[in-house]
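Have a look at the structure below before the remarks.
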2 protein chains.
Amino acid sequence: MEELDALLHQPLRTQLVAFLAGAGEQTFSDLKRQLEVSDGNLDAHLKKLLAADYVTVRKESGNGRPQSYYMLTGTGLAAMQAYVLALQRLLPISPNGEHAPVFIEPRLAD
Amino acid sequence: MEELDALLHQPLRTQLVAFLAGAGEQTFSDLKRQLEVSDGNLDAHLKKLLAADYVTVRKESGNGRPQSYYMLTGTGLAAMQAYVLALQRLLPISPNGEHAPVFIEPRLAD
DNA sequence: TCCATTTACTCTGTTTTGCAGAGTTTATAA
DNA sequence: TTATAAACTCTGCAAAACAGAGTAAATGGA
């Protein structure tokens, strides 16, 4: 059985990684607002992504309020792409209607 | 933010739906063996998929040991395809290397 | 016939995970 | 100097996942 990256297979972390990939560097506050999540929860999930090197932080202070900028790493993007690919391979018919090569035609209930 | 089907965004259920899509009708025991999962846990997740009509059961008895055959529904396959599509849209660069139209080039840390 | 076995559950308890909010620190702006 | 904001940390609760024991129904073999 194809394995799915447990770190990415979680709603908030999937959204975090995808959002960072699309939006580039974001502050803690930006992420909190955009994903509508409590700061405790955001912090916990960011820590897991940091520990896996899927995300990096850059901390600024001195020229305004202290700010932490979070950014996706190449490792993180690669992991996300591998994750989506793994899901596609699990599915016998790809979402665009084409058949994945390794699977048979799905048989469905009525 | 694009939403992800919470029912599918869980490792075991994702695997269950994908496996049923590829392998067709499967017994409870088959699923237990293939996915290497405890029967209590398998039962719990199958119930959720049944409740959402992503899966159906057909029960046989009288001509052998009682057997329950589980099968993916059209609803279930459609949900899975929509789920994978949603993930692809979240990602700024699709896994095959092509850019998704709505997103900008991802900016990454070093 | 009855005993063991298999299937497919149900139930219970434990562990893990997710999550919210209160409190803390540092720093700035008023 | 006080108030406010950012970015945490910590604590506790709630929900989810999970394993395994127990159970009913049915069969197959002795």
Side-chain angles (χ1 to χ4, degrees), chain A residues 1 3-20 23-52 54-72 83 109, chain B residues 1 3-20 23-52 54-72 83 109:
Chain A
M1 276 256 82
E3 297 179 15
L4 294 172
D5 186 334
L7 201 57
L8 292 180
H9 206 88
Q10 198 279 329
L12 182 52
R13 288 193 297 267
T14 309
Q15 305 258 342
L16 269 172
V17 168
F19 182 68
L20 285 175
E25 207 174 49
Q26 297 288 310
T27 66
F28 189 88
S29 301
D30 288 337
L31 294 173
K32 212 174 76 166
R33 267 187 294 275
Q34 294 288 333
L35 304 182
E36 288 175 318
V37 67
S38 69
D39 50 357
N41 198 23
L42 175 58
D43 183 69
H45 287 291
L46 279 175
K47 259 189 210 160
K48 295 187 183 184
L49 295 174
L50 286 167
Y54 285 7
V55 158
T56 52
V57 212
R58 179 173 63 85
K59 311 216 179 199
E60 264 189 24
S61 66
N63 49 348
R65 292 245 160 58
Q67 294 252 291
S68 297
Y69 294 90
Y70 291 89
M71 196 172 201
L72 190 65
Y83 168 72
Chain B
M1 277 254 82
E3 297 180 16
L4 295 173
D5 186 333
L7 201 57
L8 292 180
H9 206 91
Q10 197 280 329
L12 182 51
R13 289 195 296 268
T14 309
Q15 306 259 341
L16 269 171
V17 167
F19 182 68
L20 285 174
E25 207 175 49
Q26 297 288 308
T27 66
F28 189 90
S29 301
D30 288 337
L31 293 173
K32 209 174 80 166
R33 268 188 294 276
Q34 294 288 333
L35 304 182
E36 290 175 317
V37 67
S38 69
D39 50 358
N41 200 22
L42 175 59
D43 184 70
H45 286 292
L46 280 174
K47 259 190 209 158
K48 294 186 184 184
L49 295 173
L50 286 167
Y54 284 8
V55 158
T56 51
V57 211
R58 179 172 64 84
K59 310 216 177 198
E60 263 188 24
S61 64
N63 50 348
R65 293 246 159 61
Q67 294 253 288
S68 297
Y69 294 90
Y70 291 89
M71 195 171 199
L72 190 65
Y83 168 72

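Note on naming: letters A, B, ... go to the chains in the order of the sequence lines (proteins, then strands), and numbering restarts at 1 for each one.
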### Message
Using a 4.0 Å heavy-atom cut-off to protein, can you give one letter per nucleotide of nucleotides 18-25 of chain C, 5' to 3': B if the base is in contact, S if only the sugar-phosphate is, - if neither?
### Response
SBBB----
### Query
Checking all strands, does B:Y70 fall into the base, sugar-phosphate, or nothing category for heavy-atom contacts under 4.0 angstrom?
sugar-phosphate
### Task
Tell me what A:K47 touches on the nucleic acid: a base, only sugar-phosphate, or nothing, going by heavy atoms under 4.0 Å.
sugar-phosphate
### Message
With a 4.0 Å cutoff (strictly under), does any side-chain N or O of A:T27 reach OP1 or OP2 of D:dA6?
### Response
no
### Query
Looking at A:S29, does any N or O in its side chain come under 4.0 Å of the phosphate oxygens OP1/OP2 on D:dA7?
yes
### Query
Under the 3.5 angstrom rule, does the side chain of A:T14 hit a backbone N or O of A:L8 as a donor-acceptor pair?
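At least one qualifying donor-acceptor pair exists.
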Tell me the interatomic distance from [X], atom [atom1], to [N], atom [atom2], rounded to whole angstroms.
| X | N | atom1 | atom2 | value |
| --- | --- | --- | --- | --- |
| B:L46 | D:dC18 | CG | C1' | 14 Å |
| A:K59 | D:dA7 | NZ | C1' | 7 Å |
| B:L42 | C:dT10 | CG | P | 12 Å |
| A:L31 | D:dA7 | CG | C1' | 12 Å |
| B:L35 | C:dA8 | CG | C1' | 16 Å |
| B:L50 | C:dA8 | CG | C1' | 13 Å |
| A:Q26 | D:dA7 | CD | C1' | 16 Å |
| B:D43 | D:dG22 | CG | P | 18 Å |

### Query
Can you name the residues that form a ring pair (Phe, Tyr, Trp, His ring centres under 6.0 Å) with A:Y83, not counting sequence neighbours?
A:H9
### Query
Any side-chain heavy atom of B:P11 within less than 4.5 Å of one from A:L4?
no
### Query
With side chains defined as the heavy atoms from C-beta onward, is the minimum distance between A:L20 and A:Q26 less than 4.5 Å?
yes
With sequence neighbours left out, what residues match [X] under side-chain hydrogen bond (donor to acceptor under 3.5 Å, both in side chains)?
| X | value |
| --- | --- |
| B:S29 | none |
| B:T27 | B:D30 |
| A:Y54 | A:D5 |

### Message
Going by the rule salt bridge (Lys or Arg N to Asp or Glu O under 4.0 Å), which residues pair with B:R58 if we only count those two or more places apart in sequence or in a different chain?
### Response
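Salt bridge (Lys or Arg N to Asp or Glu O under 4.0 Å) list for B:R58, sorted by chain: B:E25, B:E60.
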Distance-only donor-acceptor hits, side chain of residues 39-52 of chain B, under 3.5 Å, sequence neighbours excluded:
from, atom 1, to, atom 2, distance (Å)
B:N41, OD1, B:H45, NE2, 3.3
B:H45, ND1, B:R13, NH1, 3.0

Between N or O atoms, less than 3.5 Å apart, protein on one side and nucleotides 23-25 of chain D on the other: list the pairs.
none

